[in-house]
Amino acid sequence: MQQYIEDRDRALFSLDRRRIEAYAQKYQISLPGDSRSFWAVVYKAILQIEGAPAGLRRAAQAWLRCWGYRGAAA
């Protein structure tokens, strides 16, 4: 479980789509194909991680608001 969490955090916090997709494939996690939905899922996931860096959390909230999402609860 610890390895999964480390892999998740490393992938999501990188904001590198290829790295995130590789992580999702490794753990058989389905991701949306269209770009906006993909990033919405990523940013919502980041907001669910308690230890996510504050700056990254702010950026995630800003992106979600910009595209009409309501943060982690939307």
Side-chain angles (χ1 to χ4, degrees):
M1 182 60 142
Q2 185 63 31
Q3 185 63 51
Y4 169 83
I5 292 170
E6 290 174 13
D7 289 348
R8 177 201 67 192
D9 292 355
R10 201 172 304 115
L12 292 176
F13 297 170
S14 76
L15 296 181
D16 179 320
R17 185 172 183 144
R18 280 185 246 156
R19 193 173 195 177
I20 294 166
E21 289 171 337
Y23 151 78
Q25 184 175 5
K26 177 179 179 179
Y27 290 101
Q28 300 177 329
I29 298 168
S30 178
L31 292 173
D34 70 283
S35 190
R36 185 157 67 165
S37 295
F38 172 86
W39 289 110
V41 166
V42 168
Y43 287 127
K44 286 181 181 190
I46 288 169
L47 291 176
Q48 294 295 317
I49 300 171
E50 274 188 45
L56 189 55
R57 292 177 63 81
R58 284 190 299 275
Q61 278 286 17
W63 188 96
L64 290 165
R65 270 193 305 267
C66 177
W67 288 100
Y69 294 95
R70 295 182 325 172

Mind listing the closest non-hydrogen atom pair of [X] and [Y] along with its distance?
| X | Y | result |
| --- | --- | --- |
| Ile49 | Arg57 | O-NH1, 3.2 Å |
| Ala11 | Ile20 | O-CG1, 3.3 Å |
| Phe13 | Ala52 | CZ-CA, 3.5 Å |
| Leu31 | Ala24 | CD1-CB, 3.4 Å |

- Over 12 non-hydrogen atoms of neighbours within 6.0 angstrom of CD in Gln25: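 No, CD of Gln25 has 12 or fewer neighbouring heavy atoms, counting only those of other groups under 6.0 Å.
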
- Message: With rounding to the nearest 0.5 angstrom, report the CH2 to OG distance, Trp67 to Ser37.
- Response: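 Output value for this atom pair is 11.0 Å.
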
- Task: Supply the atom-to-atom distance Arg8 CZ to Lys26 NZ, rounded to the nearest 0.5 angstrom.
- Result: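 The CZ atom of Arg8 sits 13.5 Å away from the NZ atom of Lys26.
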
- Message: Holding to side chain to side chain contact (heavy atoms under 4.5 Å, CB included), I want the full list of residues that pass it with Leu15, two or more places apart in sequence or in another chain.
- Response: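 Leu15: side chain to side chain contact (heavy atoms under 4.5 Å, CB included) contacts with Trp39, Val42, Tyr43, Ile46, Leu56.
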
- Item | Derivation and outcome, side-chain contact (heavy atoms from CB on, under 4.5 Å), residues Trp63 and Arg36 | CA-CA 10 Å; Trp63 188 96; Arg36 185 157 67 165; 3.9 Å; yes

- Query: Should Ile29 and Leu12 be counted in the same cluster of Ile, Leu, Val, Met, Phe, Trp and Tyr side chains packed under 4.5 Å apart?
  - Reply: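 No, Ile29 and Leu12 fall in different hydrophobic clusters.
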
- Considering residues at least two apart in sequence or located in another chain, which fulfil the ring pair (Phe, Tyr, Trp, His ring centres under 6.0 Å) criterion with Tyr27?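 Once residues adjacent in sequence are excluded, the partners of Tyr27 under the ring pair (Phe, Tyr, Trp, His ring centres under 6.0 Å) criterion are Tyr4, Tyr23.
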
- Query: With side chains defined as the heavy atoms from C-beta onward, is the minimum distance between Gln61 and Arg58 less than 4.5 Å?
  - Reply: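 No; the side chains remain at least 4.5 Å from each other.
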
